[in-house]
Protein chains: 2
Amino acid sequence: MHIQIERSEVEHLALFGSLDTAGLDEIVGAATGRRYRASDTVFEQGEQATHFFVLVRGRLRVTQVTSEGQQIIIRMVNPGDLFGIAKALATLDYPGTATAVAESCALCWPMQMWTGLLERHPSLAIQAMQTMGSRLLEAQLRVRELSTEEVERRVAHAVLRLANQSGRKEPGGVRIDFPISKQDIAEMTGTTLHTVSRILTAWEGAGLVEGGRQKLLVRDPHGLVMVADGLRPCLL
Amino acid sequence: MHIQIERSEVEHLALFGSLDTAGLDEIVGAATGRRYRASDTVFEQGEQATHFFVLVRGRLRVTQVTSEGQQIIIRMVNPGDLFGIAKALATLDYPGTATAVAESCALCWPMQMWTGLLERHPSLAIQAMQTMGSRLLEAQLRVRELSTEEVERRVAHAVLRLANQSGRKEPGGVRIDFPISKQDIAEMTGTTLHTVSRILTAWEGAGLVEGGRQKLLVRDPHGLVMVADGLRPCLL
DNA sequence: CGGATTGTTGAGGATACTCAAGTTAGGTGG
DNA sequence: CCACCTAACTTGAGTATCCTCAACAATCCG
């Protein structure tokens, strides 16, 4: 689980962008490297928040479970992203569960260092603030989608977001580069796996995507954008 | 529109909680006071963000309009809240429109001062961060509600939130202390004013609330909590 | 006293959920 | 390598929720 992480692997991350060498050394030096295999959990909802993290490699899924036991996916964590920053949310517990969906590496720091590191490295504080800001905007975007759009468009938006954040170009389209189930997509869009399945088969018929067991290839991103924008619905 | 705001009116705000006298003087001294009448707009979605604000008195509504023209209410702004902090969101424009729903007073600063003020007053930076954090958590809560709950429960949650943030105890219940229409509630919960109307009449029958044109009185908060929790549905 | 805004209520229908059954793909162990 | 088992997925039928459309009533304002 514990591993060595090379400085060279993290110095290019946007989060550390405008740090000088000494600052980077201090920050990375204080961190511990950790490795997670697919389906390992990094921390769990409600657990006391002992550490905060930066994802170096791989992909995580952050979920929440409602009091009735329904699960939703809050977001996917991509390399370079801060996560588990409970202090910034003024919370003592992790508000969600983070699970690796692919082999992943992260740097982690004890939560007590949060305030000190931010104070000593203003550029880090600014980055952290911007992280929070973009997450807030994203959450508001999702609220807007859930409030005003029908399921097919919401799914289209979710798939496009996945393709942008975690897509790898390959001949014939953009491949989502980690295993993703219809259930996952349902939990990202507030619908059921049944409806997602029906929508994806329809899209497949229209040549927009190509599915498979925990696989997804976007063949026609532009066409998908049209679906997301409400032109060209693909269901009857 | 421009008014004088007394130091005594703002020094108790949580935002300025742990500032020393000199700091408070500097910050409040740099601010301009503004007054808004009900239905005045403070700033508009897409406009260049020239100032950031703290609400001193009154109540604002922050809305967004989708590309299709549908409006949703992002949040209500209560006294003591920061708003219009586009810099924190790494945006140059205001992402929403802020409108006074009651006679309101705000302090405002030119946006260029954002970074400087935060740097010189770390306690302010911490407060700003916590503001962002609680807003992010709230947005995620709303995503969860929209994803998993049916309309009646969402409306119950929204009304309870209003009662907690903007409610005034009065004999017979908790009064929402600004004019609020069914359309407003619909835009907070992702439904239509028709459905809200039906729900509120049902609740009125059950003795949970008392409505009226732009009026709302919560008679039985505990009963409403049960509705919000999914026990005791009031619609057939 | 109009006129406008806000709210009420009914009927009909669409979207998407639930329930149910069956299929496919992949991993595991013999 | 094949048989088996499970998790993921597909598809159909029936239906509930909630939206749309429409007409009307109440309230507020000048």
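Just so we're on the same page: letters track the sequence lines, and every chain starts at 1. None of the values given here were measured: they were computed from a predicted structure.
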message = Has A:Asn164 got a side-chain atom pairing as donor or acceptor with A:Arg161's backbone, closer than 3.5 angstrom?
response = no

remark   = Rounded to whole Å, the NZ-P distance (B:Lys215 to C:dT8) equals 13 Å

query = How close or far is atom C1' of D:dC19 from atom CD of B:Gln183, stated in whole angstroms?
reply = 14 Å

ask   = Of all the choices, D:dT11, C:dT6, C:dA16, which nucleotide is nearest to the side chain of A:His194 once you look at every atom?
value = D:dT11

ask   = What integer distance in Å separates A:Leu216:CG from D:dC9:P?
value = 10 Å

inquiry  = Using whole Å, what does the distance between atom P of nucleotide C:dA16 and atom CG of B:Leu146 come to?
reply    = 15 Å

inquiry  = Donor-acceptor check, side chain of A:Glu47 to backbone of A:Glu44, threshold 3.5 angstrom: yes or no?
reply    = yes

key: Of B:Ser197 and A:Thr191, the one whose closest DNA chain C nucleotide lies more 5'   = B:Ser197

ask   = Looking at C:dG26, C:dG7, C:dT18, which one has an atom nearest to any side-chain atom of A:Thr192?
value = C:dT18

request  = Report the nucleotide, chosen from D:dG12, D:dC9, D:dC19, that has the shortest atom-to-atom distance to any side-chain atom of A:Arg198.
outcome  = D:dG12

query = For A:Leu89, does its backbone N or O pair with a side-chain atom of B:Gln130 as donor and acceptor, under 3.5 Å?
reply = no

query = B:Arg219 side chain to B:Glu204 main-chain N or O, any donor-acceptor pair under 3.5 Å?
reply = no

task = Could you state the atom-to-atom distance from CZ of B:Arg154 to C1' of D:dC19 in whole Å?
result = 12 Å

note = Result for 5'-nearest mapping on DNA chain C, choosing between B:Leu193 and A:Val151, is B:Leu193

ask   = What integer distance in Å separates A:Trp203:CH2 from D:dC9:P?
value = 15 Å

request  = State which of C:dT9, C:dA16, D:dC18 makes the closest approach to the side chain of B:Thr195.
outcome  = D:dC18

task = Identify which nucleotide among D:dA26, D:dT10, D:dA7 has an atom closest to any side-chain atom of A:Arg213, counting heavy atoms from C-beta outward.
result = D:dA7

request  = Check the distance between D:dC18's C1' and B:Ile199's CD1 and give it to me in whole angstrom.
outcome  = 9 Å

key: N/O donor-acceptor pair under 3.5 Å between A:Ser104 side chain and A:Ala100 backbone   = no

query = What is the distance from NZ of B:Lys182 to C1' of C:dT5, rounded to the nearest Å?
reply = 14 Å

